[in-house]
Amino acid sequence: MAVNKAVDIVESFWREVWQAKDPQAAARFVAEDFVITSGGMDIVGRDAFIQWIGVFLSKIEDFEFSSIETFQNAEGTRVASRWKLAGKNQGFIGGRTCNSPFEMLGTAVWEVRPDGLLAHNWVERNALEVHRDLIGL
């Protein structure tokens with residue numbers, strides 16, 4: 001993997017998976033033993049990740065995703081990306097469908113293998129603030 005390609009890999013992942021709303025496209029980008037650490041929990045394995053994406057998308061109507069800023073370390077082994085998603089709650093927060101619009105901001109740190117596959121993604125997001133907004137606190 002050329003060191004200057006790591007950002008391109010992650011941006012392509014954002015575009016082809018999240019913006020296209022295509023969980024199956026993740027198979028082209030992530031290693032078989034891929035791990036995402038989201039909300040302090042690990043989802044392990046490519047198939048489990050693809051399923052997780054599908055469930056996630058199914059709970060947000062009018063889903064929109066945008067990448068705000070993406071950059072990498074000098075070696076191209078780590079990529080950091082700030083992102084925003086928006087939509088209407090269909091059980092995304094707390095299992096309650098209220099169809100309320102929301103916007104979520106987050107940061108993803110990616111481990112990129114030398115072969116260009118994504119190995120790990122650590123995600124932090126403003127879930128508490130979104131939850132409070134949706135329940136009216």
Side-chain angles (χ1 to χ4, degrees):
M1 173 188 65
V3 295
N4 63 350
K5 295 293 184 187
V7 165
D8 293 341
I9 292 165
V10 169
E11 288 291 331
S12 292
F13 174 85
W14 290 143
R15 212 172 22 261
E16 294 180 34
V17 176
W18 291 106
Q19 290 174 343
K21 302 175 200 123
D22 183 3
Q24 296 300 320
R28 296 193 300 271
F29 294 94
V30 303
E32 191 172 329
D33 59 349
F34 178 81
V35 177
I36 182 170
T37 304
S38 177
M41 298 181 60
D42 287 344
I43 292 89
V44 180
R46 178 189 296 145
D47 292 339
F49 179 52
I50 289 169
Q51 181 179 1
W52 179 83
I53 295 168
V55 169
F56 189 97
L57 288 171
S58 75
K59 295 184 178 198
I60 303 171
E61 186 177 320
D62 298 333
F63 179 88
E64 294 180 18
F65 180 93
S66 59
S67 175
I68 299 168
E69 174 182 33
T70 306
F71 51 94
Q72 70 184 49
N73 67 354
E75 297 80 21
T77 58
R78 290 287 188 276
V79 173
S81 185
R82 295 175 50 233
W83 52 264
K84 176 174 80 169
L85 68 83
K88 294 178 184 168
N89 180 32
Q90 296 296 310
F92 172 66
I93 297 290
R96 187 183 73 149
T97 298
C98 62
N99 210 35
S100 296
F102 72 93
E103 190 173 276
M104 178 177 279
L105 300 170
T107 302
V109 177
W110 297 87
E111 177 186 355
V112 183
R113 297 186 342 183
D115 64 3
L117 290 177
L118 302 170
H120 201 129
N121 181 12
W122 296 268
V123 179
E124 301 295 334
R125 59 201 186 280
N126 68 330
L128 176 61
E129 292 80 6
V130 171
H131 178 74
R132 286 179 175 164
D133 188 46
L134 286 173
I135 64 171
L137 289 180

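This structure is a prediction, so every number in the text was calculated from the model and none was measured. Values below: all heavy atoms of this structure, side chains included; hydrogens, waters and symmetry mates excluded.
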Of the non-hydrogen atoms in [X] and [Y], which two are nearest, and what is the gap between them?
X	Y	answer
R113	A31	NH1-CB, 3.3 Å
V112	G76	CB-O, 3.6 Å
E124	W83	O-CZ2, 4.3 Å
A26	V17	N-CG2, 3.5 Å
Q19	S67	NE2-N, 4.3 Å

For the pair K88 and I60, evaluate side-chain contact (heavy atoms from CB on, under 4.5 Å) and give the outcome as yes or no after the intermediate values. CA-CA 5 Å; K88 294 178 184 168; I60 303 171; 5.9 Å; no
Please examine the side chains of R78 and E111, heavy atoms only from C-beta on, and report whether any two atoms are closer than 4.5 Å. yes
For a 4.5 angstrom cut-off between non-hydrogen side-chain atoms, does I36 reach D42? no
ILVMFWY cluster, [X] and [Y] together (side-chain gap under 4.5 Å):
X	Y	result
M104	V123	yes
I9	I53	yes
W122	I43	no
L85	V79	yes
L57	F65	yes

What's the verdict on side-chain contact (heavy atoms from CB on, under 4.5 Å) for I50 and R46, showing C-alpha distance, side-chain angles and the deciding distance? CA-CA 6 Å; I50 289 169; R46 178 189 296 145; 3.9 Å; yes
Is the side chain of Q72 donor-acceptor paired with the backbone N or O of V7 at a distance under 3.5 Å, no angle test? yes
Is it the case that over 12 heavy atoms from other parts of the model lie below 6.0 angstrom from the CD atom of E32? no
Between F34 and L117, is the side-chain contact (heavy atoms from CB on, under 4.5 Å) condition met? List the steps. CA-CA 9 Å; F34 178 81; L117 290 177; over 6 Å; no
Applying side-chain contact (heavy atoms from CB on, under 4.5 Å), run through V109 and N121 and close with a yes or a no. CA-CA 6 Å; V109 177; N121 181 12; 5.7 Å; no
Look at the aromatic rings of W52 and F49 and report parallel, tilted or perpendicular, splitting at 30° and 60°. parallel
I would like to know whether W14 and W110 meet ring pair (Phe, Tyr, Trp, His ring centres under 6.0 Å); could you show each step before the answer? CA-CA 12 Å; W14 290 143; W110 297 87; 5.5 Å; yes
